[in-house]
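Structure record follows, encoded as structure tokens.
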Amino acid sequence: MNKSTNKEPGDKESRSLNFIEHIIEEDIRNNKNEQRVHTRFPPEPNGYLHIGHAKSICLNFGLAEKYNGLCNLRFDDTNPLTESVEFVDSIKEDVRWLGFNWEERLYFASDYFEKFYEFAVFLIKKGKAYVCDLNTEQIAADRGTPTRPGNESPYRNRTPEENVDLFRRMREGEFKNGERVLRAKIDMASPNMHMRDPVMYRIIHAEHHRTGNKWCIYPTYDFAHGQSDSIEKITHSICTLEFEVHRPLYEWFIRELEIFPSRQIEFARLELNYTIMSKRKLMQLVDEGYVNGWDDPRMPTISGLRRRGYTPEAIRSFAERVGIAKRENVIDVALLEHTIREDLNKKATRLMAVTDPLKLVITNYPEGGSEELEAPLNPEDPDAGTRKFSFSRELYIERDDFMEEPPKKFFRLAPGREVRLKYAYIIKCVDVVKDSTGKITKIHCVYDPETRSGTPGSTRKVKSTIHWVSAPHAKPARFRLFDRLFRKEDPDDVEEGKDFKSSINPGSLRVVEGYITPGTDPLNPLDKFQFERLGYFCVDPVSTCDKPVFNRTVTLRDAWAKIKNR
RNA sequence: UGACCGAUGGUGUAAUGGUAGCACUGCAGAUUUUGGUUCUGCCUGUCCAGGUUCGAGUCCUGGUCGGUCAACCA
């Protein structure tokens, strides 16, 4: 039973389908493929997965789930030069982490190499493929242009017998790289460049990460992808728009091979503003040291987002909201940030931390004294319980929460002003201490002992409540404050002679030292917190008990920042 | 200058030929011991020109704009 036939009348949300779901439901109505829905996620293991892949993963696995079907994980590993097990492993980890399960259906195109070889021989014997001795440049030159037809290869009319023999010798390693290729015999005058006798096999004497040195000829994408789909009886082969022009070829091979007809459907890939999604460019950022690896929290990779503190739930929610369509689109990163705030608001334990400490002394509080206070672990979740922590005479507050000469809309602490210390007392600033350079080093306040949180005196209204950490109890911590990696909405929009790297935001990583309230041990990697009023943070894997390191996932929405920047 | 694909608020995405809806963003207000959350309200949209029809975002024709395609990458 699938959701779409289960709808309640008036349940508008589940009634709106994307265009792929429309196709699938029509196929089901028409009894196509015995109403089977079988998709696949087909990454090439030549890089790390990014948020754009997450969209595709959620689509493919999501569709299978929705229509009670299956989704395979298949590595499209037909190019030994660029692929590696490192990438295979990271991709598997990322898909699993996102919450999807391919069960026993983990496949590799390389597992089908023998089958592809047989397919090729079949086409050769049918007179639909031939071995061509032209080199890359000659083939390219003969292919023509989109507006001019190409020329037929002089080797085009070799006999099937000769072709079979030549192809066998290619496999046997008789020829050097690039010396010969196997081409489909289609139409050199086709308006579709991909139909102009495309290359099916090329000679690459290189070790493959799975098949080792067994092969020295490798199928191209066009002669591997659709064939793999067909072998796996994929019903809906979903890919991105740039493969649209390949579809006639995809269908040509299936028809000539007389194999199971998978259907290719294209959708628009995800683009995010202030972000690049090209694998090549991401690799450049890694290789040239602009970031600290594929899992740098500023990277749009799944591993980067994970280390940044994103949750699978947030990413899946994001993938759901961006929608599926055929028009090119650029999603606002604000939507991604919204989904992680939404998820973490429900889940994250609240704690107080100060990232830019300013000493505050409560002059009328007993010297050496302290007391214990209590606060909810998560106000959104009453069942989460409470935590206890200490208050004392000397505290740290956020430097931003004090201004000597406050502008009109500034509600926080200032000379002569009152604010509430969250979960503690109302205090009033009575003095400001500066060093010889004029920098504020300390502020003096008095507190009102009648206003302790939870007591009747605490109900007095003040303009603002600020967070703090008790200085003698404070635990030093490092905070990595991330900002967007690029300062331009479209990082590729650069002046002549420059590239996307000139759009990099020099301030994308700020590391600061501050304090957190103690009592949070043990801190496990990727544990998530909301530091009240600051944002959501997670524990970085390099963190130690002595020196916790937090990555800021995202700030809280900040009304004051907006006012301030006007 | 060819073929193919696409075009709905600022950004995305819906709407058997029948009231253009939803989300994000932005703005305004209410609530609030997080300038958070929550709640309420508001702004802004069918690329253009014709045609078919009682009725067009939807169908047809022509244009405009954008994208893709000339790797032995995927």
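What you see below is based on every heavy atom in this structure, not just the backbone, and it leaves out hydrogens, waters and symmetry mates. By convention in this document, chain letters (A, B, ...) are assigned in the order of the sequence lines, proteins followed by strands, and residues within each chain are numbered from 1.
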Do the side chain of [X] and the base of [N] come within less than 3.5 angstrom through a donor-acceptor pair of N or O atoms?
X	N	result
A:Glu328	B:U68	no
A:Glu380	B:G36	yes
A:Arg557	B:U37	no
A:His246	B:A74	yes

| request: Return the stems involving RNA chain B, sorted by first number, where pairs are Watson-Crick (N1-N3 with N6-O4 or O6-N4) or G-U wobble (N1-O2 and O6-N3), both under 3.5 Å, and runs are 3 or more long. | output: B:2-7 with B:64-69, B:10-13 with B:21-24, B:26-30 with B:38-42, B:47-51 with B:59-63

| said: Can you check the distance between B:C4 and B:A23, where both ends of the measurement are the C1' atom (answer in whole Å)? | reply: 32 Å

| Which one, B:U25, B:A74, B:A23, comes nearest to the side chain of A:Ala334? |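 Taking heavy atoms from C-beta onward, the closest nucleotide is B:U25.
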
| message | Let's see if you can work this out: which of B:U34, B:A23, B:G26 has an atom nearest to the side-chain heavy atoms of A:Leu335? | response |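 Output: B:A23.
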
| request: Go through residues 558-566 of chain A and report each residue with a non-hydrogen atom lying under 4.0 Å from RNA chain B, sorted by number. | output: A:Asp558, A:Ala559, A:Trp560, A:Lys562, A:Ile563, A:Arg566

Grab the [atom1]-[atom2] distance between [X] and [N] for me, whole Å please.
X	N	atom1	atom2	answer
A:Asp222	B:C69	CG	C1'	12 Å
A:Asp332	B:G12	CG	C1'	9 Å
A:Leu556	B:U37	CG	C1'	9 Å
A:Glu320	B:U13	CD	C1'	11 Å
A:Asn329	B:G9	CG	P	13 Å
A:Glu26	B:U16	CD	P	14 Å
A:His467	B:U32	NE2	P	22 Å

| Side-chain N or O of A:Arg341 closer than 4.0 Å to phosphate OP1/OP2 of B:G36 |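 So the side chain of A:Arg341 is outside the cut-off, no N or O lying under 4.0 Å from OP1 or OP2 of B:G36.
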
| request: Answer yes or no: does a side-chain N or O of A:Arg247 lie under 4.0 Å from OP1 or OP2 of B:C5? | output: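 No, outside the criterion.
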
| query | In terms of ring plane angle, is the pair A:His225 and A:Tyr221 parallel, tilted or perpendicular, where the classes change at 30° and 60°? | reply |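 Rings of A:His225 and A:Tyr221: tilted, as their planes differ by 30° to 60°.
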
| said: What's A:Glu266 touching, base or sugar-phosphate or nothing? Going by heavy atoms closer than 4.0 Å. | reply: nothing

| task | Cation-pi check, A:Arg387 to A:Phe389: give yes when NZ or CZ is under 6.0 Å from the six-membered ring centre and within 45° of the ring axis, no otherwise. | result |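 A:Arg387 over A:Phe389 ring: yes.
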
